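See below for the structure under consideration.
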Amino acid sequence: MKRYFSSSQYVLNTAVGPLLLVVAAIILLVSGVDGFGVYSDIPQFGQLLSAAAPMGIAFFIAIGCTTAASVSLEGKNLWIVRSLPVDTRLVLKAKLNVAMTLYIPTVLICGTLFNIALKPDPLFIVLMYAVPLAYSYFTALFGLKANLNSPNFDWTNEVTVIKQSKPTLVTMLVGMLLTIVPAVLALFFGHAVM
């Protein structure tokens with residue numbers, strides 16, 4: 001967590017999705033589904049939201065993955081981490097825990113706000129938490145795996161790793177694809193897709 005908060009660029013680029021999600025959830029709660037649909041200017045927004053709200057939460061989680069750059073950010077200091085008398089799996093779990101520390105409260109807060117605003121059936125209430133939490137864990141694991149497969153330790157500026165690296169791009173695109181496709185399918189086929 002100390003390494004995460006020591007880089008303003010890192011925090012800005014990974015926390016923007018969860019922050020936008022919290023803002024959207026508050027606006028949804030205050031303005032209702034119809035009012036939010038007017039703000040978003042998306043056709044059939046109410047129908048889409050009632051069918052695929054869990055995917056909407058998961059989408060915003062997927063666009064701000066902390067683990068996609070976490071290994072590369074060690075940079076020239078990686079030898080320090082490697083020389084510690086700590087199992088490598090424990091270090092990688094710590095990187096996953098940073099992501100989950102950001103994602104879990106976001107999902108719990110936004111899932112609750114979405115449930116209050118949408119008043120869904122009991123199964124959908126559970127899915128409002130379960131689906132985004134599953135996507136959160138997948139995104140964190142996928143980002144870490146992508147970064148381990150393609151690390152960049154020769155950077156001179158953190159922004160190169162945080163914004164412009166292959167693992168960051170791949171993780172964000174895969175996360176977006178894996179949330180948009182089920183959301184569109186849910187629009188056409190209903191809750192069964194969730």
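Values in this document were obtained by computation on a predicted structure and should not be read as measured data.
Counting heavy atoms from C-beta on, the side chains of Ser136 and Met100 come closer than 4.5 Å. Side-chain contact between Asn115 and Pro120: present, with at least one pair of heavy atoms (C-beta onward) separated by less than 4.5 Å. The shortest distance between side-chain heavy atoms of Met55 and Ile180 does not fall below 4.5 Å. Two residues are said to be in side-chain contact when any heavy atoms from C-beta on lie closer than 4.5 Å; Val71 and Phe153 meet this criterion. Residues Thr67 and Thr171 are not in side-chain contact: their nearest non-hydrogen atoms beyond the backbone lie 4.5 Å or more apart. By the 4.5 Å heavy-atom criterion applied to side chains, Pro18 and Leu102 are counted as neighbours.
The hydrophobic cluster containing Ile26, built from Ile/Leu/Val/Met/Phe/Trp/Tyr side-chain heavy atoms closer than 4.5 Å, also comprises Val22, Leu29, Val30, Ile109, Leu113, Ile116. Through direct or relayed side-chain contacts under 4.5 Å between Ile, Leu, Val, Met, Phe, Trp and Tyr, Leu173 connects to Leu169.
A donor and an acceptor atom, one from each side chain of Ser165 and Thr168, are located under 3.5 Å apart. For the 3.5 Å distance criterion, the side chains of Tyr10 and Ser70 fail to qualify, holding no donor opposite an acceptor. Inspection of the Asn152 and Ser72 side chains reveals no N or O donor paired with an N or O acceptor under 3.5 Å.
Evaluation of the side-chain contact (heavy atoms from CB on, under 4.5 Å) rule for Leu178 yields Tyr135, Phe138, Val174 as partners, not counting sequence neighbours. A search for side-chain contact (heavy atoms from CB on, under 4.5 Å) contacts involving Lys166 returns Ser150, Val170, not counting sequence neighbours. With sequence neighbours excluded, the residues satisfying side-chain contact (heavy atoms from CB on, under 4.5 Å) with Leu133 are Ile104, Val107.
Across Pro167 and Ala68, no two heavy atoms sit closer than the pair CB-O, 3.4 Å. The shortest heavy-atom contact between Gly64 and Tyr103 is O-OH, 3.0 Å. Of all heavy-atom pairs between Met128 and Leu118, the closest is CE-CD1, 3.9 Å. The shortest non-hydrogen separation linking Ala99 to Ala140 is CB-CB, 3.8 Å.
Residue pairs satisfying the salt bridge (Lys or Arg N to Asp or Glu O under 4.0 Å) criterion with at least one member in residues 11-23, sequence neighbours excluded, are absent.
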Exercise. What do the steps show when you test Thr179 against Phe60 for side chain to side chain contact (heavy atoms under 4.5 Å, CB included), and what is the final call?
Worked result: CA-CA 9 Å; Thr179 54; Phe60 283 98; over 6 Å; no
For this session: Could you check Cys110 against Tyr129 for side chain to side chain contact (heavy atoms under 4.5 Å, CB included), going step by step and ending with a plain yes or no?
Result: CA-CA 9 Å; Cys110 294; Tyr129 300 105; over 6 Å; no
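To the nearest 0.5 angstrom, Phe114 atom CZ is 5.5 Å from Leu28 atom CG. With values rounded to the nearest 0.5 angstrom, Leu12 atom CG is found 9.5 Å from Ile162 atom CD1. Once rounded to the nearest 0.5 Å, the distance linking NZ of Lys93 with CG of Asn97 reads 9.0 Å. In this structure, CD1 on Ile125 lies 10.0 Å from OG1 on Thr112, to the nearest 0.5 angstrom. Considering NZ of Lys163 and CD of Glu158, their distance stands at 12.5 Å, rounded to 0.5 Å.
When the side chains of ILVMFWY residues are joined at heavy-atom separations under 4.5 Å, either directly or via intervening members, Phe5 and Leu19 end up in two distinct hydrophobic clusters. Both Met176 and Leu21 sit in one connected hydrophobic cluster of ILVMFWY residues. Membership requires side-chain heavy atoms under 4.5 Å apart, directly or through other members. Linking Ile, Leu, Val, Met, Phe, Trp and Tyr whenever their side-chain heavy atoms come within less than 4.5 Å puts Val131 and Leu108 in one cluster.
For the pair Thr160 (side chain) and Asn157 (backbone), a donor-acceptor distance under 3.5 Å is present.
Counted within 6.0 Å of OH on Tyr137, heavy atoms from surrounding residues, nucleotides or ligands total 12 or fewer; the atom is thus considered open.
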